[in-house]
Amino acid sequence: MAFISGFSIMTIEMLGARILSPYFGGSMSVWGSIITIFMLALAMGYLIGGKLSTRNPNAVTFAVFFIGAAVFSLPVILFANAIMEPIFLAIEDPRYGSLFASILLFFIPTAILGMISPYSVRLLVETHEHSGHMAGFLYFISTLGSAAGTLATSFYFVLWLEVNQILWGAVAALITAGCIILLAHYAQTSQSVKQTSRYENKQA
């Protein structure tokens with residue numbers, strides 16, 4: 001799941017310039033706006049995810065992160081032009097126009113995706129001695145996902161598919177990940193209940 005979140009983050013980020021370019025161009029300043037907003041959103045996500053992980057961490061909340069990120073990515077697909085056009089008309093400088101558009105389009109879904117890594121660490125860590133190793137391993141997997149998402153999107157996806165098709169793929173992957181987490185959680189819960197029931201029957 002950490003791999004999927006890292007992959008999705010970079011897929012959306014790599015497409016950001018293409019999404020903004022019809023209104024603000026594809027200059028270095030536009031890329032600077034996109035990267036800045038993604039980094040700030042991830043920083044906020046790491047902070048919030050870390051705080052949430054101290055409050056009864058559970059698989060359901062973890063799944064909601066994936067599904068929530070998918071839902072808040074939908075405006076990028078469905079309403080990008082409606083969001084960018086008034087910004088383009090109101091802000092003459094494309095540097096600040098692209099910055100403001102990046103905030104509205106990308107900040108919330110990226111911040112939610114940022115919550116996944118620290119929350120993952122809390123779910124998997126069993127002892128304090130184990131925490132450093134698990135954190136390093138999860139961030140390693142997440143970064144591998146980011147690298148894979150960057151190469152796959154820039155080398156292949158943009159050649160084979162339209163931007164919105166790629167984004168729909170990312171949304172589908174995130175929703176699928178969330179559903180798998182929920183199914184695994186409820187399957188494990190059901191199994192635990194059955195084992196408890198069998199134990200109580202034997203005791204009786």
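Please read these numbers as outputs of a predicted model, since none were measured by experiment.
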**Message:** Applying side-chain contact (heavy atoms from CB on, under 4.5 Å) to Leu104 and Met84, what does each step give before you reach the verdict?
**Reply:** CA-CA 9 Å; Leu104 294 180; Met84 289 188 291; over 6 Å; no

**Request:** Might you work through the side-chain contact (heavy atoms from CB on, under 4.5 Å) test for Ile83 and Leu105, ending with a clear yes or no?
**Result:** CA-CA 8 Å; Ile83 291 171; Leu105 289 171; 3.7 Å; yes

**Message:** Determine whether Leu167 and Asn164 satisfy the following criterion, side-chain contact (heavy atoms from CB on, under 4.5 Å), listing intermediate values before the conclusion.
**Reply:** CA-CA 5 Å; Leu167 290 172; Asn164 279 354; 4.0 Å; yes

**Request:** Verify side-chain contact (heavy atoms from CB on, under 4.5 Å) between Met10 and Thr153, making sure each step is shown before the conclusion.
**Result:** CA-CA 8 Å; Met10 291 311 302; Thr153 303; over 6 Å; no

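A donor and an acceptor atom, one from each side chain of Ser102 and Ser33, are nowhere located under 3.5 Å apart.
Under a hydrophobic clustering in which Ile, Leu, Val, Met, Phe, Trp and Tyr are joined whenever their side-chain heavy atoms come within less than 4.5 Å, directly or via other members, Leu183 and Tyr186 fall into different clusters. A continuous path of hydrophobic side-chain contacts links Leu144 to Met1 [ILVMFWY only; heavy atoms under 4.5 Å]. Under the 4.5 Å side-chain contact rule for hydrophobic residues, Val163 and Leu74 share a cluster. Hydrophobic clustering of Ile, Leu, Val, Met, Phe, Trp and Tyr side chains at less than 4.5 Å, counting indirect connections, keeps Leu47 apart from Ile112. Side-chain heavy atoms closer than 4.5 Å link hydrophobic residues (I, L, V, M, F, W, Y) into clusters, and following such links, possibly through other members, connects Val121 to Phe137.
Across all non-hydrogen atoms, the minimal contact from Pro86 to Ala82 is CD-O, 3.0 Å. Of all non-hydrogen atoms in Leu40 and Phe107, the two that sit nearest each other are C-CE1, 4.0 Å. Taking all atoms of both residues into account, the shortest heavy-atom contact from Ile166 to Val158 is CD1-N, 3.9 Å. Nearest heavy atoms, Ala59 versus Ile181: O-CG2, 3.5 Å. When all heavy atoms of Gly114 and Tyr46 are compared, the pair lying nearest together is O-CD2, 3.0 Å. The nearest pair of heavy atoms linking Gly97 to Ile87 is O-CG2, 3.5 Å.
Here CG of Leu182 is found 11.0 Å from CZ of Phe66. Values are rounded to the nearest 0.5 Å. The structure places CZ of Phe7 at 11.0 Å from CD1 of Ile12, a figure rounded to the nearest 0.5 Å. A distance of 10.0 Å separates CZ of Phe38 from CD1 of Ile35, quoted to the nearest 0.5 Å. Atom CD1 of Ile103 and atom CG of Leu99 lie 4.5 Å apart (nearest 0.5 Å). The CD1 atom of Ile175 sits 12.0 Å away from atom CD1 of Ile180, with the distance rounded to the nearest 0.5 Å. The structure places CD1 of Ile4 at 11.5 Å from OG1 of Thr11, a figure rounded to the nearest 0.5 Å.
With Glu13 as the partner, the side-chain contact (heavy atoms from CB on, under 4.5 Å) test is satisfied by one option alone out of Thr110, Thr150, Ile34: Ile34.
Proximity of a side-chain donor or acceptor of Asn58 to a complementary backbone N or O of Asn56 within less than 3.5 Å is detected. Between the side chain of Ser142 and the backbone N or O of Tyr139, no donor-acceptor pair lies under 3.5 Å. Between the side chain of Tyr119 and the backbone N or O of Lys51 there is no donor-acceptor pair closer than 3.5 Å. Listed for the Gln165 side chain is a donor-acceptor partner under 3.5 Å among the backbone atoms of Glu162.
Between Phe106 and Ile19, the closest side-chain pair of non-hydrogen atoms falls below 4.5 Å. Contact annotation: the side chain of Leu113 never approaches that of Phe65 to less than 4.5 Å [non-hydrogen atoms, C-beta and beyond].
Using a 30° and 60° split on the angle between ring planes, Trp160 and Phe157 fall in the tilted class, from 30° to 60°.
Within a 6.0 Å radius of CZ in Phe3, other residues, nucleotides and ligands contribute more than 12 heavy atoms.
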